[in-house]
Structures are given as C-alpha cells and as structure tokens.
Peer 1: 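Attaching a single structure in structure tokens format; questions to follow.
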Amino acid sequence: MDEVEVPSLFLCPISLKLMRDPVTVCTGITYDRENIETWLFSCNKNTCPVTKQSLLHTHLIANHTLQRLIQTWCSQNAFSGIETVFSTPNSTIDKSQVVKLLLEANKFPEKQLKCLRRLQSIAFQSESNKQCLESAGAIDFLASTMITNNSKEDSCSSTVVSEVAIEVLFLLNPSESQLKNLMNKKGIQFIESLFFVLMYGNFKSRAYATMLLKSAFEVAGPTQSNSVRKELFVEIVRVLRDKISQHASKAALKLLVVVCSWGRNRIKAVQSGAVLVLIELLLDVSERRVCELMLIVLDRLCGCAEGRAELLNHGAGVAIVSKKILRVSHVASDRGVKILTSICRYSPTPTVLHEMLLFGAVSKLCLVLQMEGSFKAKKRAKETLKLHSMVWRNSPCIPPSLLASYP
C-alpha cells in the first residue's frame, strides 16, 4: 500500500499533523483546536505561533470549509488507511450566553440542575469555553450553588446538584487568586459545602472535593485553618482508607500536611484514626512520593503525645517506619529518623526501647550514620543513639558490623 502524502494545507502549523478540528485565530492562521488551545491556555501564550503577532483576543472561529475539504480528502484516501472518522467540531460560546444561563439558574431553582448540566457540557468542550465561563462569573456561581444546597433538607437532590457543581468547578481549575477570593468571601461556608460532598457524594465527587479542599487550605488564613472540625478529618481519613484514586490520596495527604501545622488539628487528626490508617497504608505503599507524604504526616502527628501513643499502640508502627528509612528516598529517611527521635525523646519507656531493638530501629539509626544522607538526619540519629546508649550499646540485637559506628 503506497503512503499518501498529506497536503500541507491540512496540517496544523504547530504539530504538523492532520487537523481534526480546524479553527482560525484573529491573525487569519488556521490551527487544530487542540494544539492552539494548548498553546494559548496551557502554555499561557498570547501570540500567533506562525506570525509571532500578539493576539487581540483568543476567540477561535471554526473553519468549516477546511473541515469539509479534509473530510472529503480522507474519504477519498480511505483505502490507504487514512482515518475518516471526525469528531463534531467543538462549538464556542459567548459570554452573554453564559451570563443568561447563570441568571436563569438563580431565578428558577427548579432549572438549576439542567443549567449545571449545560455548564458541564460547555466546560468539557474546550479550554476557550472554560475561560468564557470564568469571565462570566461561573466560579462564584458554582460555589454559591454548593453552599445553598448544603443547607437544604432534601440531601438526595442536594447531593446530585452538588456533585455536578463540584465537577464543573474542578474542571475550571480555579487559580490561587480565585480561591483566595472565594475563601475571603465565603470562607467557612465554602469549606462546609465541600465537606457535604465528602460525606454524601460518590467516589468521583469526593475526589474532586478533596483536591479542592487541599487547594483552598493552601491559601486559607490562620483563623480558617485553626477552625477545622474533627468531622472533616474523619472524612479525609475515609478518603485515604477507601483508596478512591492516587490523585485523591495525594491531595488528602497534602491537605493533612497543611492543616496539621495549626493548633489542635494534630489531635483532631489522631482522634479521627489518621495514624492507624497511615501505618496500614505504609505496609503496602510502593510509590515514592506517596510514601514521603505519609511519613511527613506521621511526623506532624507524632509531634503530639496522642500521635506518638497511637503509633506505639499499633504492632507494626515502629517497624514500618524503620523499614522505610534508607529504602525510599532522602526525604523519607529524614522523616523516619525524625519520628523515631520524637518517640525516643518523649516516650522512651523500657518496652518501647526494647521494641526498637527487636524491630531493627536501632540498627537503622546506626546505618544512617554510615550512609550518605542529610546532615539533620545524621545529627538526630547520633543524638538518639547517645541518649539511650546505656540500653542499646551492648545489645545482641545490633549486628557487630554496626557497633563500630555507634557513637
């Protein structure tokens, strides 16, 4: 079968691939929609890739004539293996249409779900449509819709509306400044609306809620971060336990890292079962960054007596932390050593010190002194070994080869 040469007119100037959905920018140059939207919105460019001219606007006009020519050419060359199936060109939407849609949803509550479905469809179609939704005030509308539904008595219908609203909000991917604005204007109410989805939503919407919560608390003020309810920690721990998705788990861990830096949040997290769930997950975790985040959270939680007690109450607590040292990364090793140091400094009962010998924690601390690693980890290991040298130095549990490095 002879290879067919594609006419240059049908190739996207950016990717040099056959265009599926040709659109024209204001300079008159035609590109494939996916490629030019990546250039404009993902790469944050405001110039025409071919002419290098600054674009007066980013409206993309569908080139229907070229679309038909490409489809005709594909059909004529189908015998050569050219694909003939084309998706329907994505339609662009005007800001005034979105504003009208939002006004209708606010005026007629019974049409709210239908309007949200329409917004969802618009957001799915293209990046330019997402930009249009944002400029029309969709982010504020979606947050307000979720807050309103959070207070309704009919939890079933409210959950459906909130699930659609949160998916659209996640698709729009609010910027840091937009999230700050939301937190300043709606604050606790917005957090409570996300908490509502965490409690009653399906797996997908719970994942979206977790990721939005993580982003929201990253820009939240001290007052908002200090006022986190224990029930929210319960739901975040449930996200980890349910293993909804890797993205949701990472977001949940990052959220715990952020909020457990404030006030009594560490105790609330411990009371919600965070320590026990993290230990169970550490037993099977294989992804490096996830393991690091789990150890960072455990380190935060072991900063309080309740967290250390929970870790020690779990039969595998000390053992799994010790196992991760020098096996995952420098970050994981540093946090693992820090956790063991906290235990040895504040909870050094004879039973705990004996378990650390049996579970290999003391041997790992000796190894840290021998291996390349961070200065802080070595310093902590050395101080900890010195602190309990009367108990550990002459123990038969430490291999002879490691005794030479015992400080």
Side-chain angles (χ1 to χ4, degrees), residues 203 206-207 210-211 213-215 217-218 233 235-261 265-266 269-270 272-304 307-344 355-356 358-381 384:
F203 269 25
R206 285 172 62 203
T210 304
M211 289 183 268
L213 273 169
K214 185 268 296 183
S215 300
F217 274 107
E218 284 176 343
F233 285 101
E235 293 304 320
I236 293 300
V237 170
R238 190 161 70 96
V239 169
L240 289 172
R241 186 187 294 114
D242 290 347
K243 301 179 183 179
I244 294 175
S245 71
Q246 192 172 60
H247 289 300
S249 294
K250 280 186 178 180
L253 291 167
K254 290 176 181 178
L255 174 57
L256 289 174
V257 170
V258 172
V259 295
C260 287
S261 302
N265 286 348
R266 290 178 300 183
V270 172
S272 302
V275 173
L276 300 181
V277 169
L278 287 170
I279 292 171
E280 294 294 331
L281 293 174
L282 271 172
L283 293 170
D284 299 317
V285 68
S286 57
E287 209 269 313
R288 179 185 62 82
R289 185 53 183 160
V290 173
C291 183
E292 289 175 349
L293 287 169
M294 287 179 181
L295 289 169
I296 291 171
V297 177
L298 272 180
D299 173 35
R300 295 277 167 93
L301 300 182
C302 284
C304 65
R308 293 190 296 273
E310 283 291 289
L311 185 134
L312 293 173
N313 284 338
H314 193 294
V318 172
I320 192 61
V321 170
S322 303
K323 183 179 178 182
K324 298 301 177 182
I325 296 173
L326 300 177
R327 284 197 176 190
V328 181
S329 67
H330 289 309
V331 172
S333 296
D334 185 55
R335 293 294 174 163
V337 170
K338 194 175 178 186
I339 292 168
L340 295 181
T341 300
S342 294
I343 292 169
C344 291
E355 284 182 352
M356 291 185 70
L358 292 178
F359 295 150
V362 181
S363 296
K364 273 295 179 74
L365 292 174
C366 290
L367 273 172
V368 167
L369 298 179
Q370 292 184 347
M371 307 292 285
E372 291 186 8
S374 72
F375 172 76
K376 285 185 177 180
K378 288 178 179 290
K379 183 179 178 181
R380 289 192 186 104
T384 303

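Quick caveat: nothing in here was measured; it's all calculated off a predicted structure. By convention here, the first residue in the shown sequence is residue 1.
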Peer 1: Apply side chain to side chain contact (heavy atoms under 4.5 Å, CB included) to L256 and F233, showing your working.
Peer 2: CA-CA 8 Å; L256 289 174; F233 285 101; 3.8 Å; yes
Peer 1: Can you tell me which residue among I236, T210, L278 is in a side chain to side chain contact (heavy atoms under 4.5 Å, CB included) with L253?
Peer 2: L278
Peer 1: Drop me the distance from I339's CD1 to R300's CZ, to the nearest 0.5 angstrom.
Peer 2: 11.5 Å
Peer 1: So, applying side chain to side chain contact (heavy atoms under 4.5 Å, CB included) with L340, which one of T384, I325, V368 is it?
Peer 2: I325
Peer 1: Using a 3.5 Å distance criterion without hydrogens, assess whether the side chain of N313 forms a donor-acceptor pair with backbone atoms of A309.
Peer 2: yes
Peer 1: I would like to know whether M294 and V290 meet side chain to side chain contact (heavy atoms under 4.5 Å, CB included); could you show each step before the answer?
Peer 2: CA-CA 6 Å; M294 287 179 181; V290 173; 3.5 Å; yes
Peer 1: For side chain to side chain contact (heavy atoms under 4.5 Å, CB included), just list the numbers for V321 and I343, CA-CA rounded to whole Å, side-chain angles, deciding distance to a tenth of an Å, and then say yes or no.
Peer 2: CA-CA 12 Å; V321 170; I343 292 169; over 6 Å; no
Peer 1: Name all residues meeting the side-chain contact (heavy atoms from CB on, under 4.5 Å) criterion together with R206; count only those two or more places apart in sequence or in a different chain, and write none if there are none.
Peer 2: L198, F203, R238, V239, D242, I244
Peer 1: Which value, rounded to the nearest 0.5 Å, describes the distance between L367 atom CG and S333 atom OG?
Peer 2: 10.5 Å
Peer 1: Below 4.5 Å, heavy atoms only, C-beta onward: do L293 and R289 meet side chain to side chain?
Peer 2: yes
Peer 1: Ignoring hydrogens, what is the shortest heavy-atom contact between L369 and A381? Give both atom names and the distance.
Peer 2: CD2-CB, 4.2 Å
Peer 1: What pair of heavy atoms forms the shortest contact from S272 to V237, and how long is it?
Peer 2: O-CG1, 3.8 Å
Peer 1: Output the distance between atom SG (C344) and atom CZ (R380), rounded to the nearest 0.5 Å.
Peer 2: 13.0 Å
Peer 1: Within the 4.5 Å heavy-atom criterion, are L298 and L282 side-chain neighbours or not?
Peer 2: yes
Peer 1: Where is the tightest heavy-atom contact between G307 and V270, given as atom of each residue plus distance?
Peer 2: CA-CG2, 3.7 Å
Peer 1: Taking all heavy atoms of F217 and all of V258, pick out the closest pair and write down the distance.
Peer 2: O-CG1, 3.7 Å
Peer 1: Quick one: closest heavy-atom pair of R308 and S342, and the distance?
Peer 2: CD-O, 3.7 Å
Peer 1: So, do E280 and H314 sit near enough that their side-chain heavy atoms are less than 4.5 Å apart?
Peer 2: yes
Peer 1: What's the verdict on side chain to side chain contact (heavy atoms under 4.5 Å, CB included) for L301 and E310, showing C-alpha distance, side-chain angles and the deciding distance?
Peer 2: CA-CA 9 Å; L301 300 182; E310 283 291 289; over 6 Å; no
Peer 1: What residue pairs, at least two apart or across chains, pass salt bridge (charged side-chain N to carboxylate O under 4.0 Å, His left out) with a residue in residues 358-378?
Peer 2: none
Peer 1: Which pair of non-hydrogen atoms, one from A248 and one from S245, has the smallest distance, and what is that distance?
Peer 2: N-OG, 3.0 Å
Peer 1: Give a yes or no on whether the backbone of V259 and the side-chain of N265 come within a donor-acceptor separation of less than 3.5 Å.
Peer 2: yes
Peer 1: Measure the spacing between CZ of R327 and SG of C291 and express it to the nearest 0.5 Å.
Peer 2: 11.0 Å
Peer 1: To the nearest 0.5 Å, what is the distance between CG (D334) and OG (S329)?
Peer 2: 9.5 Å
Peer 1: Mind checking the SG-NZ spacing from C302 to K338? Nearest 0.5 Å is all I need.
Peer 2: 10.5 Å
